[in-house]
2 protein chains.
Amino acid sequence: MSGSWRSFGDEPLPVPLAAALSAFSEQGYHGTSIRRIAEKAHLSVPGLYHHYPSKQALLEGLVMTVMQELLDHSGQALEEAGPSAQRRFDHVVECLLRFHMHRRRQAFIASTEIRSMKPEVRDAYIALRDQQQRMLDRIVEQGVAEGVFATAYPQDASRAVTTMCVAVATWFRPDGDLGPDQVVQRYLSLARATVGAESG
Amino acid sequence: MSGSWRSFGDEPLPVPLAAALSAFSEQGYHGTSIRRIAEKAHLSVPGLYHHYPSKQALLEGLVMTVMQELLDHSGQALEEAGPSAQRRFDHVVECLLRFHMHRRRQAFIASTEIRSMKPEVRDAYIALRDQQQRMLDRIVEQGVAEGVFATAYPQDASRAVTTMCVAVATWFRPDGDLGPDQVVQRYLSLARATVGAESG
DNA sequence: CGGTACAGACCGAGCGGTCGGTCGGCACAG
DNA sequence: CTGTGCCGACCGACCGCTCGGTCTGTACCG
């Protein structure tokens, strides 16, 4: 379906994951006790462990599924953009922005709790994250090669754009002054400027 | 002294603070035990408490002094820049960049452990951080008013620039491919592009 | 000069409490 | 009567922090 990458499903998370998400985003992984998660899930501690084998598995469940979702959506956004570097850039950046607004808490956890992941989880997560970054890197390189982007430092510009999109998750509020469409408009304009595209 | 805001002193931290910094940046605040800090400081647990009254005081000591240092340096950078918006912008951005390279671990802790600060510490830290942000906001507004910056969204652009400078602390390595001067050159170019300054 | 008084730096042992995780069992659906 | 979903009770380990005390110096008194 056209533009389907723009919307993110609103089917709720499994209760224990939702509880973990809420707790982790308030206190962080190590600052959250398993008892607090159980309480938020309206379960006893063993009841929680019936569904997930460990605290780490809750983190993994939150982080890996949401990163896979981002990759799926941005892959679709890229596919739908066609060959134009400008359109590819715009689509992927918009996808990044919408993702970090719709999935802000999961995205925030994923990017701030890397230190709390056990090596195998961390490695798997980093691999997905790098894949996402390389997607944008290649688009910016393509744009520079074709002369539609003017930056002298394509890779740094690409990372800077990703950074500002990721940071949206730290300040965006669904009930804030700016709605998602406004944020997309503004940040797309800023992102284009950063890579030296013509149009503001 | 001219340009003194460009360099950051290399006098080492007090041993307990250095130990806490090292531990916090590896495992995070809640992931670090007071015993681990004591071990890194070559002290017993009571020996550590002889110097600092609590774990929270160690975090406060790390975060507040380094933020004050940033404000001092960027104030000096601003003063030395004179009235030109372009020069003011360049100086403050360069100061932000050099700070986040020289003090990368402290800056990283400060920006990632906000959740771990007790309310009074957090409020004080946020106040300093906002002061720094407003400094750049006003410069960008001035530049737009004078017509030397072209962005349609001055405040968002200002926040985006701050964000990319802060993020330098997460990936910069003193022994990496890029030296501090190169990073300053590249990111200054990107930051100018983001606010729509003429020169790349 | 020797002796006393004191202070800062530090530690072994251990406090009450919480941590992540587990065990055995109960209620109920198929 | 078996499997699923769940829980009260509990485990060993570890948490942040404190107690009572020991050192090493240093300053001042006589």
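A note on names: the letters A, B, ... follow the listed sequences, proteins ahead of strands, and every chain is numbered from 1.
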Scan nucleotides 3-5 of chain D against the protein and return all N/O pairs shorter than 3.5 Å with their distances rounded to 0.1 Å.
| residue | atom | partner | partner atom | Å |
| --- | --- | --- | --- | --- |
| D:dG5 | OP2 | A:His50 | NE2 | 3.3 |

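Evaluated for a ring pair (Phe, Tyr, Trp, His ring centres under 6.0 Å) with B:Trp5, the options B:His102, B:His91, B:His73 yield exactly one hit, B:His91.
When the P atom of D:dG16 is taken as reference, atom CG of B:Leu58 falls 11 Å away, rounded to whole Å. Taking atom CD on B:Gln27 and atom P on D:dC15, their separation rounds to 11 Å, with Å as the unit.
A distance-only check finds no donor-acceptor pair linking the side chain of B:Arg88 to the backbone of B:Ala81 [under 3.5 Å]. Proximity of a side-chain donor or acceptor of A:Lys55 to a complementary backbone N or O of A:Ser33 within less than 3.5 Å is not detected. Panel note: side chain A:Ser158, backbone A:Pro154; no donor-acceptor pair is recorded below 3.5 Å. No donor-acceptor pair closer than 3.5 Å links the side chain of B:Ser22 to the backbone N or O of B:Ala18.
Taking A:Arg186 as the reference, B:Asp156 meet the salt bridge (Lys or Arg N to Asp or Glu O under 4.0 Å) condition, with sequence neighbours excluded.
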### Task
Starting at the 5' end of nucleotides 17-30 of chain C, put B wherever the base has a protein heavy atom under 4.0 Å, S where only the sugar-phosphate does, and a dash everywhere else.
--BBBBB-------

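Residue contacts for B:Leu43: at a heavy-atom cut-off of 4.0 Å it reaches the sugar-phosphate backbone alone, with no base atom in range.
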### Query
Under the salt bridge (Lys or Arg N to Asp or Glu O under 4.0 Å) criterion, do B:Lys40 and B:Glu26 qualify, and how do the steps go?
CA-CA 12 Å; B:Lys40 285 199 181 239; B:Glu26 285 167 16; 3.2 Å; yes

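Relative orientation of the B:Phe99 and B:Phe8 rings is tilted, given thresholds of 30° and 60° on the angle between their planes.
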